[in-house]
There are 2 protein chains.
Amino acid sequence: MTQKSRKNSKFSTEQSIAYLIRDLTRQFSRTLQKDIAPYGILLGQYHFLRVLWEQDGITQRELAMAVGMKESTTFTALAGMESLELVQRQRDVGDRRKMIVTLTPKGKKLESVLIPLAKAVNNKALQNFSDTETEQLRNLLGKLSHSLHTDDQ
Amino acid sequence: MTQKSRKNSKFSTEQSIAYLIRDLTRQFSRTLQKDIAPYGILLGQYHFLRVLWEQDGITQRELAMAVGMKESTTFTALAGMESLELVQRQRDVGDRRKMIVTLTPKGKKLESVLIPLAKAVNNKALQNFSDTETEQLRNLLGKLSHSLHTDDQ
DNA sequence: TGTTGACGATTAGATACCTAAGTAGTAGCG
DNA sequence: CGCTACTACTTAGGTATCTAATCGTCAACA
């Protein structure tokens with residue numbers, strides 16, 4: 001290691017928190033993507049399905065909020081999912097601006113197949129973690145997220 | 001919260017580690033991207049610059065490895081960086097398959113400008129973390145990454 | 001009741017990645 | 001040598017996001 005890279009341990013190339021997290025995201029994505037691909041589901045679609053399995057019949061905007069994606073991203077994903085007949089979209093009768101998204105039987109059925117795959121990835125990642133460590137990690141990540149969201153500084 | 005979403009705390013929509021991490025990556029990316037945009041640098045380019053500032057004159061493949069990106073991604077990023085005159089690429093004389101990447105003065109100068117911006121984002125995220133917590137987080141993330149990489153299970 | 005502004009969805013266009021399939025150049029071996 | 005396999009880069013094409021701009025609908029109020 002060069003002198004340069006040692007001078008700030010909070011930020012060296014290998015160790016910055018941001019880098020570690022970005023790298024982990026890629027690993028998680030690649031892994032889960034490969035697992036669900038055989039079922040014809042794209043990773044970008046899976047995120048939306050996961051929310052719909054718990055809250056069916058919500059609007060596109062609510063879905064976007066729940067998943068944490070922008071509405072344009074949500075729109076694109078749903079368009080693909082509709083053509084695959086995983087979801088159905090209909091205008092809200094009461095407020096025609098809104099688009100209600102509901103799962104088709106095909107979309108519903110996937111829950112029992114895909115959730116275990118996602119759990120497996122999560123469990124593999126956490127295989128050597130005690131419950132305490134898992135909780136610790138979750139708390140630290142939450143704190144990180146909260147700090148990044150604040151507008152001060 | 002529905003009964004359903006409560007039944008497995010390790011995996012509910014809001015709390016899965018993979019989701020938290022993916023979300024954090026987006027936050028980090030958006031934040032840093034906005035900060036560096038005024039200098040005409042794209043986030044995807046920044047990652048490569050960061051490595052080059054510490055190890056100038058390496059090959060494209062070495063750079064890809066150091067950054068943790070695929071070579072095709074590296075190639076595209078470098079092409080853009082070359083046209084912005086941030087780096088120069090020349091064939092290795094000894095082995096003409098290799099492409100040596102070196103920073104231009106313009107690329108070098110950016111180090112003193114951009115690194116503080118990246119540090120600021122990191123520090124903002126870690127603003128309420130004690131040194132112990134930071135180290136803890138780093139260790140937990142490293143462990144996570146290691147577990148995901150193993151081929152067993 | 002007509003105008004204006006907010007809201008929700010959509011479209012357009014860009015960035016950041018990936019996988020898979022080329023294309024050279026190098027090296028090893030019979 | 002000359003074939004073959006490997007290495008490094010490149011190209012092609014696709015996915016997952018984003019921001020910014022536009023379009024239809026609704027609501028509020030002068």
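Predicted model, so just to flag it, every value in this text is computed and none were measured. Quick note on labels: first sequence line is chain A, next is B, and so on, each numbered from 1.
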Worksheet item: Applying salt bridge (charged side-chain N to carboxylate O under 4.0 Å, His left out), which residue pairs with at least one partner in residues 28-37 of chain A are found, sequence neighbours left out?
Response: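 Counting only pairs at least two positions apart or across chains, no salt bridge (charged side-chain N to carboxylate O under 4.0 Å, His left out) contact touches residues 28-37 of chain A.
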Practice prompt. Only pairs at least two apart or in different chains count here, so list each salt bridge (charged side-chain N to carboxylate O under 4.0 Å, His left out) that has a residue in residues 63-80 of chain B.
Written response: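 Found B:R61-B:E71.
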By salt bridge (Lys or Arg N to Asp or Glu O under 4.0 Å), which residues pair with [X], not counting sequence neighbours?
{"X": "A:E62", "result": "none"}
{"X": "B:K98", "result": "none"}
{"X": "A:D95", "result": "A:R97"}

Practice prompt. For B:T73, enumerate each residue passing the side chain to side chain donor-acceptor pair (under 3.5 Å) test, keeping only those at least two apart in sequence or located in another chain.
Written response: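 B:T73 satisfies side chain to side chain donor-acceptor pair (under 3.5 Å) with no residue once adjacent residues are dropped.
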Worksheet item: Who passes side chain to side chain donor-acceptor pair (under 3.5 Å) against A:R91, sequence neighbours left out?
Response: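 If we apply the side chain to side chain donor-acceptor pair (under 3.5 Å) test to A:R91, skipping adjacent residues, there are no hits.
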Item to complete: Name the residue closer to the 5' end of DNA chain D, choosing between A:V93 and A:T76 according to the nucleotide with the nearest heavy atom.
Response: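 Taking each residue's closest nucleotide, the earlier one in sequence belongs to A:T76.
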Fill in: Contacting residues from residues 26-41 of chain B, given that a heavy atom lies under 4.0 angstrom of DNA chain D
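Here the set is B:R26, B:R30.
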Practice prompt. Give the cluster check for B:V113 versus B:V87: same hydrophobic cluster or not, with ILVMFWY residues linked at side-chain heavy-atom distances below 4.5 Å.
Written response: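 Yes; B:V87 is reachable from B:V113 via cluster members.
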Side-chain polar contacts of residues 76-85 of chain A - donor-acceptor pairs under 3.5 angstrom, sequence neighbours left out - could you list them?
unit_1 : atom_1 : unit_2 : atom_2 : d
A:T76  : OG1    : A:S72  : O      : 2.9
A:E82  : OE1    : A:R89  : NE     : 3.0
A:E82  : OE2    : A:R89  : N      : 3.3
A:S83  : OG     : A:G80  : O      : 2.9

Item to complete: Verify the contact: side-chain N or O of B:T73 to OP1 or OP2 of C:dA16, cut-off strictly under 4.0 Å; return yes or no.
Response: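 Negative; the distance criterion is not met.
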Item to complete: Please identify each residue that fulfils side-chain contact (heavy atoms from CB on, under 4.5 Å) with B:N139, with sequence neighbours left out.
Response: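 Partners of B:N139 under the side-chain contact (heavy atoms from CB on, under 4.5 Å) test: B:E135.
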Worksheet entry | Base versus backbone protein contacts along nucleotides 1-10 of chain C [heavy-atom cut-off under 4.0 Å; B, S, -] | -----BBBBB
Worksheet item: What are the bounds, 5' to 3', of the part of DNA chain D that sits under 4.0 Å from heavy atoms of chain B?
Response: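 For DNA chain D, the relevant span reads D:dT7 to D:dT19.
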